[in-house]
2 protein chains.
Amino acid sequence: MKSTTIIDVAKKAQVSVATVSRVVNGNYPVKEATKKKVLEAIKDLEYIPNIQARELNTQHSSIIGIIVPSLFNTFFAEVVSGIESFSTSSGYSLLLTYTKDDPICEKECMNELLMRNVSGIINISPNTERVDSSFFDQMASRIPLVFINSYIKRPAISYVYNDERIGTKIALEHLVSLGHQNICFVRGERSDSYEFKEDVYIEFMKKMGCYNPENIINVSAGNSIDTVELTAKKIVEFLPNRKDVTAFFCCNDLMGVGAVNACRRLNLKIPEDISIMGYDNVSLSHFIEPKLTTMDQNMMTLGWTAASLLMEKIASDNKTSRQVVLQNTLVLRDTTGPCKTNK
Amino acid sequence: MKSTTIIDVAKKAQVSVATVSRVVNGNYPVKEATKKKVLEAIKDLEYIPNIQARELNTQHSSIIGIIVPSLFNTFFAEVVSGIESFSTSSGYSLLLTYTKDDPICEKECMNELLMRNVSGIINISPNTERVDSSFFDQMASRIPLVFINSYIKRPAISYVYNDERIGTKIALEHLVSLGHQNICFVRGERSDSYEFKEDVYIEFMKKMGCYNPENIINVSAGNSIDTVELTAKKIVEFLPNRKDVTAFFCCNDLMGVGAVNACRRLNLKIPEDISIMGYDNVSLSHFIEPKLTTMDQNMMTLGWTAASLLMEKIASDNKTSRQVVLQNTLVLRDTTGPCKTNK
DNA sequence: TTGAAAGCGCTAACAG
DNA sequence: CTGTTAGCGCTTTCAA
């Protein structure tokens with residue numbers, strides 16, 4: 001499987017390899033007649049340039065490394081699409097690695113990408129708190145790094161994330177504006193984002209004078225294939241004993257959909273009897289009916305911005321870092337409505 | 001951002017680059033003391049070998065190119081996970097490209113991967129009928145190619161696919177066994193898999209003596225974020241004029257969910273009034289309620305097998321090809337039931 | 001057990 | 001405008 005090289009083309013066209021290189025890259029003047037000869041030879045030989053060799057030479061790579069926990073959660077798939085939409089148009093390709101939610105694996109991914117000489121790395125939902133942060137500092141000094149939705153900040157790394165504190169508040173205010181007071185908080189375990197949201201929730205509810213710690217439900221795994229069903233079961237168990245609850249705030253859309261399913265099983269009408277807020281606005285949230293009211297996490301923008309931040313970093317030879325904060329916006333759909341008891 | 005090279009290590013350890021290479025690769029004997037010196041230098045300098053240079057030299061690559069239409073349908077994400085589970089353990093990385101359902105783009109992806117010198121390409125759901133098949137032959141002669149769920153077969157390409165003909169038949173038989181006769185076929189455009197499902201459908205319905213070309217609905221984009229809604233709208237339009245239709249066979253689960261939504265909007269009870277079959281068994285199919293009856297496409301196995309077939313091809317220097325056929329199995333859930341008019 | 005050196009395919013001075 | 005040549009970082013003969 002020996003492939004044709006620039007030398008073969010040069011021989012066939014009876015010119016030097018430099019000339020071939022010139023017509024391929026179009027970066028230096030070449031006489032029209034010569035160019036034609038070369039182009040012909042390229043076509044005859046079905047020559048395709050070897051980018052690896054080119055990039056070894058130019059000391060420049062056009063591959064972006066991506067680190068995701070998995071693609072199973074469409075949140076990540078949507079972010080990757082956002083990255084792709086930016087990077088493809090700038091001539092970059094995507095090298096994809098999986099952490100499987102394992103910090104050790106995450107380190108390996110980084111090393112792997114470094115060896116492959118990618119021009120930069122985008123890490124979606126890094127496990128910063130579980131990996132020695134000096135590791136990230138060290139990495140950041142070697143290669144442009146952009147983190148998406150990371151909670152720890154290091155000076156040499158660029159970040160894009162949503163302000164989920166404000167987003168949570170907006171969501172809760174929406175429910176309150178509809179007259180809800182007994183709002184149940186549904187979360188998963190082991191993610192800073194749940195902690196943040198819970199903090200905001202507790203403070204908010206206390207200020208309203210209707211905080212009740214029993215209204216916090218933890219469904220354990222928050223991003224697994226089982227999250228929907230886990231949530232549904234928990235709520236089917238919980239709700240019958242808590243008739244006063246009129247709304248659910250769910251930390252992500254999987255939980256939101258689980259809540260919808262639970263209420264259906266309990267023969268509750270949505271949103272007449274009970275209101276449900278999701279979070280993320282993954283496609284699932286509008287695939288189901290009633291369509292889920294949720295907070296948009298701007299996945300496409302997240303990915304797109306991450307890619308553009310990475311380009312900035314590459315352009316500045318990794319000398320600059322920047323942070324971009326996006327705002328979650330309320331996506332009003334069919335699962336929230338006026339509180340029954342206040343009608 | 002100059003990174004440390006093998007030369008730096010050699011200098012620091014006061015040995016030749018060849019020796020460093022030997023300890024890095026562990027493929028030739030090196031005296032213990034020397035090895036220790038080198039290892040120390042590597043650690044001090046935080047040396048990471050440049051795989052691009054290595055592979056340029058060894059004429060061997062350890063990257064697998066993947067071509068997907070998009071990641072919006074989790075079908076693809078799940079297949080990619082299957083590929084990943086095999087390839088990572090064999091030391092291969094994944095270069096991901098998107099066709100956006102565009103045959104031109106698909107060709108570009110192939111070229112892009114070829115230029116990047118990947119060791120082989122896995123194409124998930126190729127668009128074979130719209131691309132000049134000589135293009136694929138030509139590609140196959142240059143680089144190991146594995147197609148997943150492809151329609152056309154070329155001798156130099158390896159294939160894994162589900163026998164969707166039999167699967168489609170099983171699905172249709174399931175509907176017929178419930179008494180359905182006027183079964184509507186819902187497909188998208190531009191994918192081989194729709195074509196052969198339609199073939200089977202037509203033949204099947206003709207044999208039953210109830211084929212009606214008007215019962216074939218094309219929702220256009222079959223794998224986009226809009227597929228669910230597109231399908232729902234089409235069916236909401238279609239169904240009121242076709243009261244005789246009692247069941248839908250949908251070419252994938254996105255369409256299946258769209259059909260469920262449509263029937264709900266029309267106040268039809270599922271499965272009492274109407275039955276719906278999906279196809280794929282993506283997670284979405286059991287996230288919604290009623291949970292979708294569907295055909296399992298073994299996405300993980302599909303991906304895993306594709307990767308192993310690719311390894312075979314690489315090992316044989318692209319001299320051998322093989323085909324693996326998997327069977328779709330019926331996943332009985334809540335959206336199919338006895339035909340009303342036959343009750 | 002080690003080093004010197006050729007070369008993987010390509011680009012970019014430099015010289016003509 | 002075009003050819004010659006020196007590498008990019010690495011592996012691997014071939015000699016020592």
Side-chain angles (χ1 to χ4, degrees), chain A residues 1-39 41-42 45-63 91 114-119 142-143, chain B residues 1-39 41-42 45-63 91 111 113-119 142-143:
Chain A
M1 287 246 297
K2 188 82 188 56
S3 52
T4 49
T5 74
I6 200 170
I7 299 181
D8 303 323
V9 178
K11 271 190 197 137
K12 175 115 182 172
Q14 305 191 67
V15 296
S16 72
V17 291
T19 303
V20 177
S21 172
R22 284 178 193 120
V23 339
V24 167
N25 295 293
N27 47 1
Y28 289 94
V30 176
K31 197 163 61 172
E32 203 51 47
T34 322
K35 189 190 251 175
K36 210 177 144 192
K37 269 199 302 181
V38 173
L39 254 18
I42 288 179
L45 268 42
E46 293 171 346
Y47 168 68
I48 291 193
N50 181 329
I51 298 193
Q52 291 208 66
R54 174 187 297 166
E55 298 191 340
L56 175 61
N57 190 295
T58 56
Q59 302 284 85
H60 158 280
S61 143
S62 56
I63 299 190
L114 213 55
M115 288 177 73
R116 294 216 179 264
N117 201 28
V118 299
S119 54
R142 309 190 80 168
I143 189 165
Chain B
M1 285 244 296
K2 187 87 187 54
S3 53
T4 48
T5 74
I6 200 169
I7 299 181
D8 304 322
V9 177
K11 272 190 195 135
K12 174 114 183 176
Q14 305 191 65
V15 295
S16 72
V17 292
T19 303
V20 177
S21 171
R22 285 176 192 121
V23 341
V24 167
N25 294 294
N27 48 359
Y28 289 94
V30 176
K31 198 162 61 172
E32 203 52 47
T34 320
K35 188 190 251 176
K36 211 177 141 190
K37 267 197 304 182
V38 173
L39 255 17
I42 288 179
L45 268 40
E46 293 171 347
Y47 167 69
I48 292 193
N50 180 329
I51 298 193
Q52 291 209 67
R54 172 186 298 166
E55 298 191 340
L56 175 60
N57 190 296
T58 55
Q59 302 284 84
H60 156 280
S61 143
S62 57
I63 298 188
N111 268 311
L113 292 171
L114 213 55
M115 287 177 73
R116 293 217 180 263
N117 202 26
V118 299
S119 53
R142 308 189 81 165
I143 190 166

Is the closest side-chain heavy-atom distance between B:T4 and B:V9 below 4.5 Å?
no
Whether B:S61 side chain and B:N117 backbone form a donor-acceptor pair below 3.5 Å
yes
When every nucleotide of nucleotides 10-16 of chain C is labelled 5' to 3' by its protein contacts under 4.0 Å (heavy atoms), B for base, S for sugar-phosphate only, - for none, what sequence of letters results?
BBBB---
Length of the NE2-C1' vector between B:H60 and C:dG9, whole Å
18 Å
B:I7: partners by side chain to side chain contact (heavy atoms under 4.5 Å, CB included), with sequence neighbours left out:
B:T5, B:K11, B:V17
Looking at A:T19, does any N or O in its side chain come under 4.0 Å of the phosphate oxygens OP1/OP2 on D:dG3?
yes
Which residues pass the salt bridge (Lys or Arg N to Asp or Glu O under 4.0 Å) test with B:R116, sequence neighbours left out?
A:E55, B:E112
Proximity to DNA chain D (any heavy atom under 4.0 Å), residues of residues 31-39 of chain B only
none
What side-chain donor-acceptor pairs closer than 3.5 Å can you find for residues 46-54 of chain A, not counting sequence neighbours?
unit_1: A:N50; atom_1: OD1; unit_2: A:Q52; atom_2: N; d: 2.8
unit_1: A:N50; atom_1: OD1; unit_2: A:A53; atom_2: N; d: 3.0

What integer distance in Å separates B:I42:CD1 from D:dC10:P?
10 Å
Between B:Q59 and C:dG9, does any side-chain N or O lie under 4.0 Å from OP1 or OP2?
yes
Pick the closest DNA chain C nucleotide for B:L56 and for B:S16 by heavy atoms, then say which residue is nearer the 5' end.
B:S16
If you look at every heavy atom in A:S16 and A:A10, which pair is closest and at what distance?
C-CB, 3.8 Å
Might you point out which heavy atoms bring B:I143 and B:V118 nearest each other, and give the distance in Å?
CD1-O, 3.4 Å
Could you list the donor-acceptor pairs under 3.5 angstrom formed by side chains in residues 21-38 of chain B, with sequence neighbours left out?
unit_1: B:S21; atom_1: OG; unit_2: B:N25; atom_2: ND2; d: 3.4
unit_1: B:N25; atom_1: ND2; unit_2: B:S21; atom_2: O; d: 2.9

Could you check how far CD of B:Q52 sits from P of D:dT11, rounded to whole Å?
13 Å
